[in-house]
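Here the structure is laid out as structure tokens; the discussion comes afterwards.
Keep in mind the model is a prediction, meaning the values are calculated, not measured.
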There are 2 protein chains.
Amino acid sequence: MSRSRSQLRLIDVAEQAGVSLATASRALAGREGVSEAVADRVRQVSRDLGYVANPHARQLAGGATSTVGLIVHQIDDLYFSEIASGMIQLAGERGLMVQICHSGRDPDAELAQIRHLSAQRVGVIIVAGSGYTDPGTEAMARAALLAFQERGGRVAVIGRHALNVDAVLPDNRDGGRAITEHLLALGHRRIAVVAGPEELTTVADRLAGAAEALAVHGLSLDRLPVAYADFTCPGGREAAARILRERSTPTAIIALNDAMAIGVLSALRAQRVRVPDEISVVGFNDVSIAQDLAPSLTTVRLPLAEMGRQALAMALKPRSARPRKRATGHHLIVRDSTASVS
Amino acid sequence: MSRSRSQLRLIDVAEQAGVSLATASRALAGREGVSEAVADRVRQVSRDLGYVANPHARQLAGGATSTVGLIVHQIDDLYFSEIASGMIQLAGERGLMVQICHSGRDPDAELAQIRHLSAQRVGVIIVAGSGYTDPGTEAMARAALLAFQERGGRVAVIGRHALNVDAVLPDNRDGGRAITEHLLALGHRRIAVVAGPEELTTVADRLAGAAEALAVHGLSLDRLPVAYADFTCPGGREAAARILRERSTPTAIIALNDAMAIGVLSALRAQRVRVPDEISVVGFNDVSIAQDLAPSLTTVRLPLAEMGRQALAMALKPRSARPRKRATGHHLIVRDSTASVS
DNA sequence: AACGCTTACGAAAGCGCTTACGTACCCTAA
DNA sequence: TTAGGGTACGTAAGCGCTTTCGTAAGCGTT
């Protein structure tokens with residue numbers, strides 16, 4: 001790699017402004033101990049020359065880091081890509097870069113990612129993937145995040161409970177309850193569920209909410225058909241097919257995310273089951289295309305992009321003594337995929 | 001930021017292995033001048049201790065950089081997120097990190113991103129966004145990429161023609177022709193087009209392909225309804241509504257990407273137009289959900305994830321004298337959204 | 001006028017790494 | 001034996017920045 005001298009260094013700016021390296025550094029960092037006149041001159045020269053600090057040198061010297069690591073299950077899942085989109089936007093406004101890592105829903109991979117980002121000396125780590133119901137697994141992730149935080153890193157999680165870490169928390173339980181109550185209010189009693197991976201707390205929480213709503217009507221998830229899938233569209237399709245094959249005849253199917261709901265709709269169509277006439281279908285998250293599906297999808301809206309922004313914003317704020325928890329609102333969005341039971 | 005000494009340094013590994021810093025560095029870099037025995041010992045110690053090099057120090061010292069910058073229009077567009085997904089996967093295998101930037105389809109923003117990534121000293125820049133039809137605009141982007149390349153950076157572009165730069169090139173023109181020929185073969189003659197942003201070469205190429213196919217049948221785009229939208233789902237919906245409102249009565253609508261096709265389907269449904277009975281609809285890209293739409297979408301498949309992988313793989317290979325161009329295949333995927341004209 | 005205190009700045013150390021260069025050591029050849 | 005040449009390793013410089021420390025200048029106080 002030929003490293004030509006063409007890249008502007010801080011010393012070039014300093015010389016041009018007629019000050020020392022140290023003064024230039026202080027001026028650009030907005031640090032005190034520099035007269036206004038000099039600071040202005042340095043900033044002016046810096047801008048004129050188009051100077052951009054070498055982030056590696058800056059980080060190495062103990063300065064702030066300008067990159068944030070975002071860990072997602074899969075970036076080509078609209079849930080995550082909308083979160084990422086919001087975060088990238090805020091990062092852009094703050095002059096930061098977002099590094100995206102896939103954990104692929106593998107706790108070991110996630111742990112490795114956290115450790116790797118940490119070793120890479122990113123300044124901020126944000127974990128957007130759901131937590132794991134297994135306490136041991138979850139404890140490992142927490143420990144890694146806390147270790148990173150101990151060393152001065154900033155951390156935030158999205159949709160995941162973690163002690164001593166800032167968090168943006170959609171109320172999955174409430175959402176699960178709301179969507180289920182909606183179906184119950186429409187008269188549905190034979191309700192099937194296409195759940196996401198069992199080991200995720202997001203799934204457990206949404207199921208718990210659903211169970212609460214069902215309990216009010218004397219129903220229990222144990223007695224209802226529940227098929228577990230992988231939060232993907234084909235997964236939802238197959239899960240729905242399984243449910244139908246078992247000759248259970250639900251009047252409504254709850255999919256725990258929109259991608260699977262799309263799969264469910266697809267499976268029903270393949271079986272010539274009309275939605276919502278014969279079976280109502282609901283999703284979760286309200287990803288951007290949910291409203292343009294056929295039929296448009298009744299779902300629980302989470303402010304995904306906003307969640308991404310907020311998580312980063314929280315992490316960027318100076319650390320408070322107590323970790324901040326920010327609940328995100330959710331709305332039940334009723335569209336055409338649900339109808340009262342006939 | 002409290003910088004505790006807890007982070008492992010290369011010198012720690014070196015001491016543990018009983019060699020000098022330089023030898024440890026050489027051993028881990030796989031550089032020659034180290035006996036096999038010593039190299040093995042160093043690698044072993046490094047692994048045991050869980051050492052990860054500080055990328056900032058490494059970069060500063062003139063070593064290889066471990067981060068690649070990826071510029072997309074919007075990450076929450078499935079076209080880009082699937083490309084990104086493939087790239088992130090390969091990056092993971094190679095121990096690299098992917099930084100994602102939004103250009104938002106703004107050439108100025110894109111230019112700023114390239115310059116910024118360049119100043120940030122990333123090792124690789126990959127531009128996934130379409131090129132611009134305006135030669136001046138495009139020249140600026142090229143110049144910035146070449147400047148980066150001159151300084152030793154590695155560059156690849158996806159779906160964009162750029163002199164002296166490696167490129168992964170889906171044949172948009174061919175794809176546009178193929179999908180149009182499909183409709184023509186089904187007997188459609190009154191064909192409307194929902195195009196993407198006019199200033200993008202991707203759009204121009206797909207349109208050009210369509211025009212070629214149409215010309216064979218004595219048809220011209222100039223005589224057909226063409227509505228420009230922004231490659232988004234709502235954009236496609238509105239564009240389709242516009243077309244219908246103009247009382248043109250196409251028997252088929254070509255959407256230049258799948259997201260807009262979803263919007264088109266939605267608009268048609270709102271108008272109670274049956275697809276494909278009354279109007280056939282086609283998309284482009286074959287994003288993952290295309291097959292589960294109602295009706296499932298006839299589209300042109302591009303190997304998106306693979307394209308992301310390939311672009312990175314090309315950029316990572318030692319530079320060849322001539323820029324590599326890699327054409328990606330495309331398949332016409334015929335599904336339920338098209339039928340012969342009645 | 002001498003003293004301390006504050007303010008504005010410069011000199012220089014050092015972050016963790018890569019690499020040019022220097023130096024032992026061993027092997028071969030004369 | 002000694003010179004010559006390769007190999008394996010150590011020493012140290014230096015990447016571009018931040019930051020600590022030192023110092024000169026300016027101020028008020030007695």
Side-chain angles (χ1 to χ4, degrees), chain A residues 1-43 46 49 51-67 118-123 151-152, chain B residues 1-42 46 49 51-67 95 118-123 151-152:
Chain A
M1 192 172 289
S2 78
R3 323 176 85 255
S4 79
R5 277 286 56 77
S6 71
Q7 280 284 11
L8 228 44
R9 292 159 323 183
L10 180 54
I11 186 104
D12 300 322
V13 174
E15 277 173 5
Q16 187 79 21
V19 298
S20 78
L21 186 59
T23 301
S25 173
R26 279 186 287 250
L28 293 182
R31 202 167 248 76
E32 57 182 11
V34 186
S35 67
E36 260 317 302
V38 170
D40 274 348
R41 186 148 38 90
V42 173
R43 279 191 291 262
S46 163
L49 265 48
Y51 170 73
V52 177
N54 181 328
H56 305 288
R58 168 173 287 176
Q59 200 290 347
L60 193 53
T65 290
S66 62
T67 116
S118 178
Q120 289 252 69
R121 278 78 168 177
V122 301
R151 282 194 282 92
Chain B
M1 193 174 287
S2 78
R3 325 176 84 255
S4 80
R5 280 286 56 78
S6 72
Q7 280 283 14
L8 227 44
R9 294 163 326 206
L10 180 54
I11 185 109
D12 301 322
V13 175
E15 278 172 5
Q16 187 79 22
V19 298
S20 78
L21 186 58
T23 301
S25 173
R26 278 186 288 250
L28 292 182
R31 201 167 248 78
E32 58 182 12
V34 186
S35 67
E36 260 317 303
V38 170
D40 274 348
R41 184 147 40 91
V42 172
S46 164
L49 266 48
Y51 170 74
V52 177
N54 182 327
H56 305 288
R58 168 173 289 177
Q59 201 289 343
L60 233 206
T65 291
S66 63
T67 116
S118 177
Q120 289 252 69
R121 279 79 168 176
V122 301
R151 283 195 281 93

Q: Return the set of residues passing side chain to side chain donor-acceptor pair (under 3.5 Å) with B/Ser118 (not counting sequence neighbours), or none when no residue passes.
A: B/Arg151
Q) Roughly, in whole Å, what's the span from CZ in B/Arg121 to P in D/dG16? A) 8 Å
Q: Measure from the side chain of A/Arg58, starting at C-beta and using heavy atoms only, and say which of D/dG16, D/dT19, D/dC17 lies closest.
A: D/dC17
Q. Who passes side-chain contact (heavy atoms from CB on, under 4.5 Å) against A/Glu32, sequence neighbours left out?
A. none
Q | side-chain contact (heavy atoms from CB on, under 4.5 Å) against A/Arg58, all qualifying residues, sequence neighbours excluded | A | A/Ala53
Q | With sequence neighbours excluded, residues passing side-chain contact (heavy atoms from CB on, under 4.5 Å) with A/Ser46 | A | A/Val13, A/Leu28, A/Tyr51
Q.
Within the structure provided, determine whether B/Asn54 and B/Arg9 are in side-chain contact (heavy-atom separation under 4.5 Å).
A. no
Q. Choosing from C/dA20, C/dG16, D/dT19, which nucleotide comes nearest the side chain of B/Arg9?
A. C/dG16
Under 3.5 Å, which donor-acceptor pairs link side chains of residues 14-21 of chain B to any protein atom two or more places apart or in another chain?
{"unit_1": "B/Ser20", "atom_1": "OG", "unit_2": "B/Ala22", "atom_2": "N", "d": "3.4"}
{"unit_1": "B/Ser20", "atom_1": "OG", "unit_2": "B/Thr23", "atom_2": "N", "d": "3.2"}
{"unit_1": "B/Ser20", "atom_1": "OG", "unit_2": "B/Thr23", "atom_2": "OG1", "d": "3.2"}

**Q.** Degree of bending in the helix from C/dA1-D/dT30 to C/dA30-D/dT1 once both end axes are built from five pairs, to 10°
**A.** 60°
(Q) According to side-chain contact (heavy atoms from CB on, under 4.5 Å), who are the partners of B/Ser66, at least two apart in sequence or on a separate chain? (A) A/Gln120, B/Pro55, B/Leu96
Q) Taking only residues two or more places apart in sequence or in another chain, which ones pass side chain to side chain donor-acceptor pair (under 3.5 Å) with A/Arg43? A) A/Asp40
Detail all sub-3.5 Å separations between protein N/O atoms and N/O atoms belonging to nucleotides 4-9 of chain C.
{"unit_1": "C/dC9", "atom_1": "OP1", "unit_2": "A/Ser35", "atom_2": "OG", "d": "3.4"}
{"unit_1": "C/dC9", "atom_1": "OP2", "unit_2": "A/Ser35", "atom_2": "N", "d": "2.7"}
{"unit_1": "C/dC9", "atom_1": "OP2", "unit_2": "A/Ser35", "atom_2": "OG", "d": "3.2"}

Check nucleotides 22-24 of chain D against the protein and report each pair of N or O atoms closer than 3.5 Å, with its distance, or say if there are none.
none

Q. Taking only N and O in the side chain of A/Tyr51, is any of them less than 4.0 Å away from OP1 or OP2 of D/dC17?
A. yes
Q | Nearest-nucleotide pick for B/Leu21, side chain only, options being D/dC17, C/dC17, C/dG16 | A | C/dC17
Q: Could you work out which one of D/dT18, D/dT19, C/dC17 sits closest to the side chain of A/Arg31?
A: D/dT19
